Asks: 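Quick one: the structure is below, and I'll ask about it shortly.
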Amino acid sequence: MSAEPVLTISGLNVDYGTDAHAVHALRDIDVTLHRGEVLGLAGESGSGKSTLAYAVTRLLSPPGVITGGEVHYHRPGGDRVDILSLAPDQLRAFRWQELSIVFQGAMNSLNPVHTVHSQLTDVLAAHRPELKKRQRTQRAEELLSLVGISADRLAAYPHQLSGGMRQRVMIAMALALEPEIVIMDEPTTALDVVMQRQILRRLVQLREQLNFSVVFITHDISLLIEFSDRIAIMYGGRIVEQAGAAEIYRDPRHPYSDGLLHSFPALHGPRRELTGIPGSPPNLSAMPTGCAFHPRCGKAFAPCTTEVPLLAPPADGPGRAVACHLHA
């Protein structure tokens, strides 16, 4: 992993709706993805993870609106691209070539009436028109081989593949043009744990082989600890903690991060009680005052109810950031 940034997000805000009743889905998101890094994005459903992915790729569906902030892609040569300012034709060329996304739910993302061959080669035909038909087929065979699928499955339709194979086809499609960044939006959610591990091991191998950067989105923080270099924890449309995966696992600073970690059993060491997190995620249209987590937090004290904590390095933890009054 390099210290060189490949994607920087600064002060990003997203609303659903434009009137007085607009829902603030993302608030002041600041995050940097480094070249060759796997950045995990964790949080409960509704915390803003997928909204962040769609905002960065400019795939937000109405009434989603980016109301502020900047998103920059840094090319290997040093050029900087303002993604939010790209014209439609520039954006079409940028997607899949420089940045691609693996959508949530492979069966819904693949076209059920087209073969795997058709869907893989369509990507190549649109972005690499100089390739002849045979070359596109050869590239499609290479892509399936990359993700551990036999080339004879090119003729199959999505319903003829298992869930894990469909998900791997989606990953192959995302890697077709060898992008620098791959955003994976809960790519293993609907799969059993054995298939999850197989796909994650394949992703690790591909990342080492092709040296792309990954934003891996999931609600399962145990997967991120195993697979990510760094983890950002989201709650109520904000990032509440960022740190290395090992640091998050050993010493979570935000009470929400600690609650997520104690919501799954440890695979090694003594058995521990699963405490979980009381209550429910906040209603984004009626957010609590102060820290959004304070109604569910057992460590809340007076400032938590009135002041929104800033995401900043704790006094004793350089290299990480936490938005909590306990560490102000």
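If you're wondering where the values come from, they're calculated on a predicted model, not measured in any experiment. Numbers here simply count residues along the sequence, with the first being 1.
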Asks: Can you tell if the side chain of Ser45 reaches within under 4.5 Å of the side chain of Pro281, non-hydrogen atoms only?
Replies: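 Result no, sub-4.5 Å side-chain heavy-atom pair not found.
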Asks: Is it the case that one hydrophobic cluster holds both Leu7 and Met234, taking links as side-chain heavy atoms less than 4.5 Å apart, direct or via other members?
Replies: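 Yes; tracing contacts between hydrophobic side chains, which count when under 4.5 Å, links both residues.
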Asks: Under the criterion side-chain contact (heavy atoms from CB on, under 4.5 Å), which of Val169, Thr121, Leu110 is the partner of Val116?
Replies: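 Between Val116 and the candidates, side-chain contact (heavy atoms from CB on, under 4.5 Å) is satisfied uniquely by Val169.
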Asks: Is there a path of hydrophobic side-chain contacts, each under 4.5 Å between heavy atoms of I/L/V/M/F/W/Y residues, joining Val322 to Ile225?
Replies: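 Shared cluster, no.
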Asks: Taking only distance into account, with no hydrogens and no angle test, what donor-acceptor pairs under 3.5 Å do side-chain atoms of residues 304-312 form with protein atoms, sequence neighbours excluded?
Replies:
| residue | atom | partner | partner atom | Å |
| --- | --- | --- | --- | --- |
| Thr305 | OG1 | Ala302 | O | 2.9 |

Asks: Could you check Phe216 against Leu41 for side-chain contact (heavy atoms from CB on, under 4.5 Å), going step by step and ending with a plain yes or no?
Replies: CA-CA 6 Å; Phe216 192 92; Leu41 208 57; over 6 Å; no
Asks: Taking it one step at a time, do Leu143 and Met173 satisfy side-chain contact (heavy atoms from CB on, under 4.5 Å)?
Replies: CA-CA 8 Å; Leu143 290 167; Met173 193 180 297; over 6 Å; no
Asks: Just checking, any donor-acceptor pair under 3.5 angstrom between side chains of Tyr256 and Glu241?
Replies: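 No, because no side-chain N or O of Tyr256 sits under 3.5 Å from a partner of the opposite role on Glu241.
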Asks: Evaluate the side-chain contact (heavy atoms from CB on, under 4.5 Å) criterion for residues Ile221 and Tyr249: first the C-alpha distance (whole Å), next the side-chain angles of each, then the deciding distance (0.1 Å), finally the verdict.
Replies: CA-CA 9 Å; Ile221 194 172; Tyr249 180 68; over 6 Å; no
Asks: Identify the heavy atoms of Ala172 and Leu120 that sit nearest to each other, and give their distance.
Replies: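 So the minimum-distance heavy-atom pair works out to C-CD2, 4.3 Å.
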Asks: Do Ile233 and Met287 share a hydrophobic cluster, counting only Ile, Leu, Val, Met, Phe, Trp and Tyr and linking them when any side-chain heavy atoms are less than 4.5 Å apart?
Replies: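 Same cluster.
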Asks: Between Val38 and Leu203, is any pair of side-chain heavy atoms under 4.5 Å apart?
Replies: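 In short, these two side chains do not touch, never coming nearer than 4.5 Å.
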Asks: Got a second to check how far Glu4's CD is from Leu33's CG, nearest 0.5 Å?
Replies: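 Glu4 CD to Leu33 CG: 11.5 Å, rounded to 0.5 Å.
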Asks: Hydrophobic cluster membership, with links at side-chain heavy-atom distances under 4.5 Å among I/L/V/M/F/W/Y: are Leu60 and Val65 in one?
Replies: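 No, because Leu60 and Val65 fall into different hydrophobic clusters, even though each may have its own neighbours under 4.5 Å.
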Asks: Using a 4.5 Å cut-off on heavy atoms from C-beta on, say whether the side chain of Gln209 contacts that of Leu146.
Replies: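 Leu146 reaches Gln209 side chain to side chain.
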Asks: For a quick test of reading the model, state the closest non-hydrogen atom pair linking Leu177 to Gln97 and the distance between them.
Replies: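 Residues Leu177 and Gln97, closest heavy atoms: CD1-OE1, 3.5 Å.
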Asks: Side chains of His117 and Thr137: any donor to acceptor distance under 3.5 Å?
Replies: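 There is such a pair (donor and acceptor under 3.5 Å, judged by atom type) between the side chains of Thr137 and His117.
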Asks: Answer yes or no: is there a donor N or O on one side and an acceptor on the other, between the side chain of Asp82 and the main chain of His72, under 3.5 Å?
Replies: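 A pair under 3.5 Å: no.
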Asks: Do Glu247 and Arg253 meet the salt-bridge criterion of a basic N to acidic O distance under 4.0 Å?
Replies: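 Salt bridge: no.
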Asks: With under 30° as parallel and over 60° as perpendicular, where do the rings of Phe94 and Tyr73 fit, or are they tilted in between?
Replies: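 Plane angle over 60°, so perpendicular.
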Asks: On a heavy-atom basis, which atom in Asn211 and which in Gly36 lie closest, and how many Å separate them?
Replies: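 In this case the closest contact between Asn211 and Gly36 is OD1-CA, 3.9 Å.
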Asks: Please check if the side chain of Arg27 supplies one atom and the backbone of Gly237 the other of a donor-acceptor pair under 3.5 Å.
Replies: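 No.
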Asks: Once rounded to the nearest 0.5 Å, what's the spacing between atom CG of Asn13 and atom CG of Asp28?
Replies: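 Taking CG in Asn13 and CG in Asp28, the distance rounds to 5.0 Å.
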Asks: Where is the tightest heavy-atom contact between Gly279 and Arg296, given as atom of each residue plus distance?
Replies: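 Shortest heavy-atom separation between Gly279 and Arg296 comes out as O-NH2, 3.4 Å.
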Asks: Give the intermediate values and the outcome of side-chain contact (heavy atoms from CB on, under 4.5 Å) for residues Lys133 and Arg136.
Replies: CA-CA 5 Å; Lys133 185 176 180 180; Arg136 293 198 295 268; 4.0 Å; yes
Asks: Any donor-acceptor pair under 3.5 Å linking the side chain of Arg153 with the backbone of Gln160?
Replies: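 Yes.
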Asks: Are any side-chain N or O atoms of His327 and backbone N or O atoms of His254, one a donor and one an acceptor, separated by less than 3.5 Å?
Replies: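 Absent.
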Asks: When clusters are formed by joining ILVMFWY residues with side-chain heavy atoms under 4.5 Å apart, either directly or through shared neighbours, do Leu52 and Leu39 land in the same one?
Replies: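 They do share one cluster, since a chain of ILVMFWY contacts under 4.5 Å joins Leu52 to Leu39.
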Asks: Identify the heavy atoms of Pro252 and Asp258 that sit nearest to each other, and give their distance.
Replies: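 Closest approach of Pro252 to Asp258: CG-OD1, 3.6 Å.
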Asks: Between Thr115 (side chain) and Ala155 (backbone), is there a donor-acceptor pair under 3.5 Å?
Replies: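 The answer is no, because no donor-acceptor pair under 3.5 Å joins these two groups.
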Asks: OG of Ser50 to NE2 of His219: how many Å apart, nearest 0.5 Å?
Replies: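 If I round to the nearest 0.5 Å, the distance is 11.0 Å.
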Asks: Side chains of Ile66 and Val71, heavy atoms from C-beta outward: is any pair under 4.5 Å?
Replies: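 No, side chains not in contact.
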Asks: Find out whether Arg320 and Asp251 are in side-chain contact, i.e. whether some heavy atom of one side chain is under 4.5 Å from a heavy atom of the other.
Replies: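 When only atoms from C-beta onward are counted, Asp251 and Arg320 do touch, with a gap below 4.5 Å.
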Asks: Just how far is it from atom OG of Ser257 to atom CD1 of Ile231, taken to the nearest 0.5 Å?
Replies: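 One finds 9.0 Å between OG of Ser257 and CD1 of Ile231.
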Asks: Rounded at 0.5 Å granularity, tell me how far SG in Cys291 sits from OH in Tyr235.
Replies: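 It comes to 8.0 Å.
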Asks: Are Arg95 and Leu59 close enough that some pair of their side-chain heavy atoms sits under 4.5 Å apart?
Replies: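 SC-SC contact between Arg95 and Leu59 confirmed.
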Asks: Taking only residues two or more places apart in sequence or in another chain, which ones pass side-chain contact (heavy atoms from CB on, under 4.5 Å) with Arg92?
Replies: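 Applying side-chain contact (heavy atoms from CB on, under 4.5 Å) to Arg92 gives Ala126.
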Asks: Could you check whether any side-chain heavy atom of Thr218 comes within less than 4.5 Å of a side-chain heavy atom of Phe227, counting everything from C-beta outward?
Replies: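 The answer is no, as the side chains (C-beta and beyond) never meet within the 4.5 Å cut-off.
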Asks: In the structure I gave you, are the side-chain heavy atoms of Val6 and Glu37 within less than 4.5 Å of one another anywhere?
Replies: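 Answer no - side chains too far apart.
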Asks: Can you name the one residue among Arg35, Arg207, Arg75 that meets salt bridge (Lys or Arg N to Asp or Glu O under 4.0 Å) with Glu180?
Replies: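 Option passing the salt bridge (Lys or Arg N to Asp or Glu O under 4.0 Å) with Glu180: Arg35.
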Asks: Looking only at atom types and distance, does a side-chain atom of Asp220 sit under 3.5 Å from a main-chain N or O of Ser222, one as donor and one as acceptor?
Replies: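 Yes.
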Asks: What are the two closest heavy atoms between Ala174 and Val182, and how far apart are they?
Replies: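 It is CB-CG1, 4.3 Å.
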Asks: First locate atom CD1 of Ile217, then atom CG of Leu224, and finally report the distance between them rounded to the nearest 0.5 Å.
Replies: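 Output value for this atom pair is 10.0 Å.
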